[in-house]
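Treat the numbers as computed from the prediction; the structure is a model and nothing was measured. Here is how names work: the chains are called A, B, and so on, in the same order as the sequence lines, proteins then strands, and each is numbered from 1.
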Amino acid sequence: MGEYFASLSLAGLTGRIPAGIAQGIIWGIMALGVYITYRLLDIADLSVDGTFSTGAAVTVMLILAGHNPWLAMTAAFFAGLLAGVVTGLLHTMLGIPPILSGILTQYALYSVNLAIMGFKANTAISVDRYALVLSSRYVNSAILTGGILVLTIIALLYWYFGTEAGAALRATGCNAVMSKAQGININVCKVIGLSLSNGLVALSGGLFAQYSGFADVNSGRGAIVIGLAAVIIGEVAGEALLGKRLNFAMRLLFVVVGGIIYYLVYTLVLWLKLDSNLMKLFTAVIVAIFLAVPYLRKQSRSSFRLAARLARKGEKQDAQA
Amino acid sequence: MLRLENVHKTFDPGTINEKHALTGIDLSLSEGDFVTVIGGNGAGKSTLLNAVAGLWPIDCGRIIIDGQDVTGLPDFKRAAFIGRVFQDPMTGTAASMQIEENLALAARRGKRRTLKWRITAKERKSFREKLKLLELGLEDRMSAKTGLLSGGQRQALTLLMATLIKPKLLLLDEHTAALDPKTAQKVLAATERIISEDGLTALMVTHNMRDAILHGNRLIMMNEGNIILDIRGEQKRGLTVEDLLHKFEEISGEQFASDKAILG
């Protein structure tokens, strides 16, 4: 035991914090996409597991082909938009439930992503040979670039969801019947939302590939869970720190903060020399707990078990009286 | 303003639950008609309103609003002509959005939703004035989420949203049934005021026979998916609840099965 603690160095932890922040920012962009579908549209969209890798694949292949990294990321964004449209149309035009639509897209994207990468599961890209937007080699500049990018995205999202079209999208997720009565085409809104969400996820995938120096066909596996974790952790943190002042812009910001917190915890787990393969289990448990809290809270106020206990108590008191 | 020609609708055809809900409805409303709709449970009152609103396609017949055939249009397209208030107060507003955001959504009913900012300062001012007329104090809480409002407040807000852009037709589906009697009267009074001020054409379904007699210039009674009674003008003014019950038994050959209607 003593040996274990002796092997942990505080400097080792502080040294890793910037990398955690950089990764958190990159995944925060992905989480913003998840926020659009999960919170605004009330759809759990599983296509993101596929589009994250799509973004990585498109970005890396285009950069390798000699294109500008920013152009490559724009292309990745559009590829994500397209994948989101597919999920949206499967749901709205063919009547497939949204979760299944997402799973179908994700499944199909595995082949598509492999095809983009020339049927190789992993393609490396070196920051020494290409002018990448960011890289894990230069963590501080990655934080700066990622930070500016994420703030720009938040500003654009804040603007869009404040417009007539964006408000219609939010109304669609909140109350479909009311939206239709107000003349909103909810199917169009759902497709736009899913598309925008997947565009952001692909962009995040493209950044992550540059950061880590390779595109992997499996890099998006479980992305939805990490995205949900970031959204939920961000909400809890935001509500705790800001309470009623948590407006829409701050909500978006705290989604990214949630991503950063997630990756700092991840860094801590690695520092404690816990097996990083257990991180998925750990994440799933955390997300399950947070998702369950509202339900359990309700149960603690009113449940059949509680009613039975109160009834027994009443009986006893009656007997005593 | 509204014309229905031989409208039929059968739900779950070919199954054990098959229900012929509308059986060849013919109905014509002139501009400014305020029609109350009564009838027993399952008579087809709400189905009639839903057919007009376009929740689902009808099986046969035609629906014409202000000279335009809307039979082939889905609900969100007909929304350009129609304002709706629902029975459930939760249905009419977006709970997680502000009062003024809800009104701004309604102010663009039937219009293209662009990338312009969702609400203008001028609109905010006019919303405030219109909310004031409801006398519920909502004009001072315009940035509050509608989820925080009471059922009555939400119904009044929905009513305002439905009429913010003058609809060619206002559909009220038992919109006071879920409210306590006092709140119901308040919402009904607001309904009456808005309809008469704007000269709206309206269809109002109600369970309450007294309200049906008291409001509007015309009353229709439905039974088994069709209109069995259509009373208007002078004739309607002299009606009593007893008259209606008597007429119902006379025409349908059954007893009116709703205690609520008799007691109301």
Side-chain angles (χ1 to χ4, degrees), chain A residues 35-43 92-93 95 155-193 195-196 231 235 238-239 242-252 294 298, chain B residues 49-50 53-55 73-98 100-120 123 143-148 154 157-158 161-162 164-165 167 170-171 173:
Chain A
Y35 181 82
I36 293 173
T37 46
Y38 183 65
R39 277 290 180 240
L40 298 183
L41 274 184
D42 198 19
I43 289 176
T92 58
M93 281 184 71
L156 284 172
L157 288 179
Y158 181 79
W159 164 76
Y160 176 69
F161 287 111
T163 64
E164 295 171 347
L169 196 150
R170 285 189 291 134
T172 297
C174 178
N175 185 341
V177 177
M178 170 267 191
S179 300
K180 287 193 277 182
Q182 298 304 337
I184 293 167
N185 187 338
I186 61 165
N187 284 344
V188 166
C189 283
K190 283 182 185 172
V191 173
I192 292 175
S195 172
L196 186 58
V231 168
E235 266 171 6
E239 271 158 27
L242 295 178
K244 283 218 161 92
R245 283 171 299 144
L246 188 66
N247 60 21
F248 188 62
M250 291 312 271
R251 271 183 193 282
L252 294 176
K298 206 172 128 207
Chain B
L49 256 62
N50 289 342
L55 261 63
L73 297 182
D75 49 4
F76 71 92
K77 284 193 178 148
R78 289 189 207 180
F81 316 116
I82 296 174
R84 287 163 69 198
V85 186
F86 311 86
Q87 180 171 0
D88 180 355
M90 300 301 145
T91 309
T93 51
S96 66
M97 297 174 81
Q98 300 164 340
E100 58 180 26
E101 282 186 313
N102 273 277
L103 285 165
L105 282 170
R108 283 152 188 80
R109 183 162 48 78
K111 293 180 184 154
R112 254 183 73 86
R113 289 169 204 267
T114 66
L115 293 179
K116 285 208 271 290
W117 200 245
R118 66 188 181 283
I119 180 166
T120 65
E123 279 180 324
S143 57
K145 303 266 162 77
T146 54
L148 299 170
R154 287 180 81 157
L157 181 61
T158 309
M161 287 165 64
L164 203 54
I165 290 184
L170 178 64
L171 300 178
D173 190 0

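- In terms of heavy-atom proximity, A:Trp159 sits nearest to B:Trp117 at O-CZ3, 3.5 Å.
- Expressed to the nearest 0.5 Å, how far CD of A:Gln182 lies from CZ of B:Arg113 amounts to 7.0 Å.
- Among A:Asn175, A:Val177, A:Ile186, the residue with the largest count of heavy-atom pairs under 4.5 Å with chain B is A:Asn175.
- When all heavy atoms of B:Leu115 and A:Ala165 are compared, the pair lying nearest together is CD2-CB, 4.2 Å.
- Contact count against chain A (heavy-atom pairs under 4.5 Å) is highest for B:Arg118 among B:Arg118, B:Arg78, B:Met161.
- Salt bridge present: B:Glu101 and A:Arg170 bring a charged side-chain N and a carboxylate O closer than 4.0 Å.
- The neighbour count for A:Tyr160 OH, taken as heavy atoms of other residues, nucleotides or ligands under 6.0 Å away, is above 12.
- At a 4.5 Å heavy-atom cutoff, the contact between B:Arg112 and chain A is made by backbone atoms alone.
- At a 4.5 Å heavy-atom cutoff, B:Ala80 makes no contact with chain A through either its backbone or its side chain.
- Both the backbone and the side chain of B:Lys116 come within contact range of chain A, judged by heavy atoms closer than 4.5 Å.
- Looking at B:Thr93, only its backbone comes within 4.5 Å of chain A, counting heavy atoms on both sides.
- A distance of 11.0 Å separates OG1 in B:Thr91 from CE in A:Met178, rounded to the nearest 0.5 Å.
- Closest non-hydrogen pair, B:Leu105 versus A:Ala171, comes out as CD1-CB, 3.6 Å.
- To the nearest 0.5 Å, atom OG1 of residue A:Thr163 and atom CD1 of residue B:Ile119 are 13.0 Å apart.
- Shown here for B:Ala95 and A:Cys174, the closest heavy-atom pair between the two residues is N-SG, 3.4 Å.
- Here the shortest heavy-atom pairing between B:Phe86 and A:Ala181 reads CZ-CB, 3.7 Å.
- Of the residues considered (B:Ile82, B:Thr114, B:Asp75, B:Leu171), B:Thr114 shows the highest number of contacts with chain A, using heavy-atom pairs under 4.5 Å.
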